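Following: one structure in structure tokens, then a few remarks.
Reminder, nothing fancy here: chain letters follow the sequence lines and each chain counts from 1. Just so we're clear, the structure is a prediction, and the values are computed from it rather than from any experiment.
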Amino acid sequence: MKVLLKNGRVIDPAAGRDGQFDVLIEHGRIAKIGKSLAADGARVVEVPAGFIVAPGLIDMHVHLREPGQEHKETIETGSRSAVTGGFTAVACMPNTLPVNDQAGITQFILKRAAEVNLARVYPIGAVSIGSNGEQLTEIGDLRAAGCVAITDDGKPVNTALLMRRALEYASMFKMPVIEHCEDPSLKADGCAHEGPVAAMLGLKGIPAVAESIMAERDISLAEMTGGHVHIAHMSVRQSLRAVRDGKSRGVNVTCEVAPHHFTLTDEAIKGYDTNTKMNPPLREEADRAALIEGLRDGSIDVIATDHAPHHADEKALEFDRAPFGIVGLETAIPLCVAKLIQPGIIGWPRLIELLSAAPARILNVPGGTIVEGGPADITIIAPDAPVTIRAAELVSKSKNTPFDGWTLTGAAAATIVGGRTVFVNRSVTGADRFEERA
Amino acid sequence: MTATAATALRTRHLLSIDDINEAEIALVLDTAVAMKEVGARSIKKVPALRGRTVVNLFFEPSTRTRLSFELAEKRLSADTMGMTTAGSSVVKGETLIDTAKTLEAMSPDMIVVRHASSGAAHLLSRVCRSSIINAGDGTHEHPTQALLDAFTIRERKGRLAGLRVAIVGDLLHSRVLRSNALLLTKMGASVVACGPATLIPLGLDRLGVTSTTSMDEACEGADVVMMLRVQHERMHGLFLPSVREYFTLFGLNAERLKRAKTDAIVMHPGPMNRGVEIASDVADGSQSVILDQVANGVAVRMAVLYLLAGESKENE
């Protein structure tokens, strides 16, 4: 089966490409890219004007919840949510039940993902057994089984010593250590950003420095060990400053931010909607503005959603008792368009760098670029398509989003994984031509 | 904000002092004057809420607030029922929403709720048809306390505008502070909040109050000194080193009270810790209005219940 995508705006920052090109897909791979390619027996798909042909988006921070919390999400529903949001690949966090701290669990996840056969799923293993912060996992074995990074996400790596050893040990396998930066004593039982809004609402605060102190610790350890630390879901300007300082000293540090952190501030928690409760919490405007600037100037490497599904029953509680987290896979593109593209903060090549090329590079996984011989993982983006986010209509098993009812612009028109069209967006005009026909 | 006199409350619920404006606050206080008169009669009962049902839903231990509401409801001839957490379905794992909906299936008109979580009353107002009265939610607000405090101040001082009110104690965890700060500043009083630096919330100034860690400074020229309870569990470990040091630095004694105006009044929402935040001679002294607050609490809650019931009647 050959498909020729004709005359799309191909944006591939890794290859330095941005222009009208044809892309020929054959046997799941990119066979050729160029101008005016001959059909040569391929099914020709004329890409609608204005649509973007991008290397498949990769979300390097999602919680698929399987095994153990299948009432929130499964590998199947999470994968379906991913491709609906335009992601051809996701990296899934190890805080499942049981924790992904041994090869058998990694293999289970990969087996389920293969059966589901939608998005590529890259498991991330635990740093410590049970993520309990005591003993290193068999990181070599996890790597061999298919893990692409390690983390104790959900909580920080317990001690500086454990982080040091994790960075040293993981560097043998060229794996990043992904860190959920949070000083547990400063966070305590906080549930909102410590500041005037939390003070008014009577909610226990999580101070900004709870995050940045840990980021500074880890950057110092990465500097010492030469290991690669990746700061997950960075939310405060103090952490960004630490990352910038580290990078300027040549430390192997990268970082990601989540769309909700550059879209909303703690003003959104007024009214106590538990769908505005996540960890790290929504921060203040100065932080939001700093993250936007970091995305613009290149200090921030990646946009990742921290897709954290929770069942409606679990969220229908008092604010301080509800779990942290929101779903993010299906809202990422329109939020990026609204907050980054439309205000002119960054252009599409930079956005695709943040959503595709950079995570591929950091996790050392295939994709992130459209090159001859590479996997045909492609996201077709309709940047001007009107979208209204409807929580009830999300494909994810959970509907915990604060963006219900938001009217935005930009959507995945089609998602192609390994040359196979795994998602076509029927509400986008012109997307139907990507439909595979028997 | 409207300057004209209010004749009704626009809100169906009382969740926060933010729900009512200056004119509505004045309406509540004026109505409470008439309600107080009812309490002075030999037959302390009026038929205003006859046939109405009020549920008192207390998820936290409370004596004075719960009894004050109960008495207020009875004096208005409402049918009341109460639920406290001990022995209730809550201990069996029922959620707040389910508990409220279960009670609501019995068609009450109003639910008075006390809960340990900030925002609990807001949550109920989103899922219930009844009027919700917040009787204290976590460390967020306690609006009827602020109204009864304002009533007591006005009764003694004749006004609220232009007064200097010092509020002293555990500012971080106090719902009384938040409601009072909102109400008093709305009514034109100036509020200085005083407490140890470990118990001052970040961004307190956005409540329109000034803050200080000097008790002497807070008391200086005050018309009202309002002491807040300091919970015993804050007294050990990381917030405060000891009761002894707390009383030395922040306790209200007769000497410190001299810095306030000679006719200053001393308030406390209760329950008091004698010798912790307030000396006994001050608590029981001539400037203390602490028991007036308790008495006025009934009248103010009658006013709130009456006015909210009037509102729900119009919605029928």
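In this structure, the side chain of B/R206 does not engage the main chain of A/M200 through any donor-acceptor pair within 3.5 Å. Without hydrogens or angle criteria, B/R126 side chain to A/G271 main chain gives a donor-acceptor distance under 3.5 Å.
Proximity to chain A (any heavy atom under 4.5 Å) is restricted, for B/L182, to the side chain, taken from C-beta onward. With a 4.5 Å cut-off on non-hydrogen atoms, B/R175 does not touch chain A at all. For B/D205, no part lies near chain A; criterion is any non-hydrogen pair under 4.5 Å.
The CG atom of B/L202 sits 7.5 Å away from atom NE2 of A/H193, with the distance rounded to the nearest 0.5 Å. Atoms CD and CD1, from A/E318 and B/I97 in turn, are 8.0 Å apart once rounded to the nearest 0.5 Å.
Within a 6.0 Å sphere centred on CD of B/Q231, heavy atoms belonging to other residues, nucleotides or ligands number more than 12. Within 6.0 Å of CZ in B/R129 there are 12 or fewer heavy atoms belonging to other residues, nucleotides or ligands. Other residues, nucleotides and ligands contribute at most 12 non-hydrogen atoms within 6.0 Å of the NZ atom of A/K204.
Side-chain contact check for B/S118 versus A/L201: every heavy-atom pair is 4.5 Å or farther apart. Side-chain contact between B/L96 and A/L317: absent, with no pair of heavy atoms (C-beta onward) separated by less than 4.5 Å.
For A/F319 and B/H122, the gap between ring centers reaches or exceeds 6.0 Å.
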